[in-house]
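Have a look at the structure below before the remarks.
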2 protein chains.
Amino acid sequence: MTDTTPLDPRQLTAYLALKDVAALLEHAVEQQLKEDGGLTTPQFQILATLADAPDGRRRMTDLADGLVYSRSGLTYQAAQLEKAKLVTRASAEDDERSVIVTLTDAGRAVLFKVMPGHIEVVRRLFLTPLGDADIAAITDILGRVRAQMRSAPPRSAKPRRTTGSPPQRGERNNGR
Amino acid sequence: MTDTTPLDPRQLTAYLALKDVAALLEHAVEQQLKEDGGLTTPQFQILATLADAPDGRRRMTDLADGLVYSRSGLTYQAAQLEKAKLVTRASAEDDERSVIVTLTDAGRAVLFKVMPGHIEVVRRLFLTPLGDADIAAITDILGRVRAQMRSAPPRSAKPRRTTGSPPQRGERNNGR
DNA sequence: TATTGTTATACTCTATAACTATA
DNA sequence: TATAGTTATAGAGTATAACAATA
């Protein structure tokens, strides 16, 4: 049996604070990326991931894994970025099935153009009121949470649908 | 001049940890709400906000303020919820312009149905590795950040577009 | 005139399923 | 058969602008 007793008020407060801060920060960053470089958040994430990779190259599948996208979702984003000349796509030499996405000079340029503002927003909204000890504490605590999340079992072992039973009430087939 | 020097690695790590944890948590909660009650996150937020209000009633504008929605976005969500019989809408008695959204019994029922799973997810993914001291630290630190965000000036005083100049490169007119 | 809310419209993002091609 | 990726399709969410009605 799992515990479903209500959360105590302090726990709830901590959870809400996290959600609130994350949402506000995400929103501000989204604005900044759009204004400074015409980028959406997922596009920025892809470009930033590529910039981190050797030669600015990455296989589609590897990108998708790191960014939690479905493959079709990534295909969509990659197509947008290719259309904007920020990346190129080419099939891999060693495995014809794979597609290698490569950051173009223009893509790097956009990233450079956008970074200062990105940093400025993070600093102004998030870092300003934090001292070194706070930074260390956040990193430690959230690091533990992250580890927990990565190791926690999914909620249901499998979509387990008893043979022949119809979809459950309130269920739709459009998950993430 | 604002500071746009790169973030030091520890600051960056803290920021990324926050983003990561928030994203994973949001994703898990989204799944749970859909599975247990057929609710989307914004719908749940609206229902929960209403449940907190006296008599389960709230003006559209007040709802929008608390939830960062544009008015049209809230109209859309309210229409969805009304269609599902989870809320009703009626114009206010004292001010004919205002619309009062009210939680129905069915809406309350869905909320009750969904809450245990919601709590379970938060507890399992977020609270498990945290002691009382951690909870207190998070609340304190993120509380300060939140206050900072709420008081921080927006990035640009106004959309300032020099008279007659065309839209800038990379700019699209589909903001949030 | 200012405020409240809705409507029309357009666009982004995401997912599922079906499909192609290579290993 | 399994893996990599694309395409077609569908739907949710959101915003902007124009609009109607009330204060």
Inset, instruction - Find out whether B:F44 and B:V29 are in side-chain contact, i.e. whether some heavy atom of one side chain is under 4.5 Å from a heavy atom of the other. - result: no
Legend entry - Side-chain heavy-atom pair A:K113, A:D36 within 4.5 angstrom cut-off: no
Inset, instruction - Scan for side-chain hydrogen bond (donor to acceptor under 3.5 Å, both in side chains) pairs involving residues 98-108 of chain A, sequence neighbours excluded, and state none if there are none. - result: none
Legend entry - Under 3.5 Å donor-acceptor, A:S151 side chain and A:Q148 backbone: yes
Inset, instruction - Answer yes or no: is there a donor N or O on one side and an acceptor on the other, between the side chain of B:D52 and the main chain of B:T49, under 3.5 Å? - result: no
Legend entry - Residues from residues 49-57 of chain A lying under 4.0 Å of DNA chain C - heavy atoms: none
Would you kindly give the [atom1]-to-[atom2] distance between [X] and [N], to the nearest whole Å?
X: A:R59; N: D:dA4; atom1: CZ; atom2: C1'; value: 8 Å
X: B:I100; N: C:dT4; atom1: CD1; atom2: P; value: 12 Å
X: B:R71; N: C:dT4; atom1: CZ; atom2: P; value: 8 Å
X: A:E93; N: C:dT22; atom1: CD; atom2: P; value: 16 Å
X: A:D95; N: D:dA2; atom1: CG; atom2: P; value: 17 Å
X: B:M60; N: D:dT22; atom1: CE; atom2: C1'; value: 16 Å
X: A:K83; N: C:dT12; atom1: NZ; atom2: C1'; value: 12 Å
X: A:Y76; N: C:dA17; atom1: OH; atom2: P; value: 21 Å

Legend entry - Pairwise salt bridge (charged side-chain N to carboxylate O under 4.0 Å, His left out) hits with a residue in residues 73-88 of chain A, at least two apart: A:E82-A:R89
Inset, instruction - Sort and list the pairs that fulfil salt bridge (charged side-chain N to carboxylate O under 4.0 Å, His left out) and have at least one residue in residues 68-79 of chain B, not counting sequence neighbours. - result: none
Inset, instruction - Determine the contact category for B:S98: base if any of its heavy atoms lies under 4.0 Å from a base atom, sugar-phosphate if only primed atoms, P, OP1 or OP2 are that close, otherwise nothing. - result: sugar-phosphate
Inset, instruction - Could you tell me whether B:Q77 contacts a base, only the sugar-phosphate backbone, or nothing, with contacts defined as non-hydrogen atoms closer than 4.0 Å? - result: sugar-phosphate
Legend entry - Distance-only donor-acceptor test (3.5 Å): side chain B:S70, base D:dT16: no
Inset, instruction - Could you tell me whether the side chain of B:T40 has a donor or acceptor atom within less than 3.5 Å of a complementary atom in the base of D:dA12? - result: no
Legend entry - First encountered from the 5' end of DNA chain C, between B:R89 and A:D94: B:R89
Inset, instruction - Can you sort out the partners of A:T5 under side-chain contact (heavy atoms from CB on, under 4.5 Å), two or more places apart, ordered by chain and number? - result: A:D3, B:R123
Inset, instruction - Identify whether A:I119 and B:L16 are in the same connected component of the hydrophobic contact network (ILVMFWY, side-chain heavy atoms under 4.5 Å). - result: yes
Scan nucleotides 19-21 of chain D against the protein and return all N/O pairs shorter than 3.5 Å with their distances rounded to 0.1 Å.
none

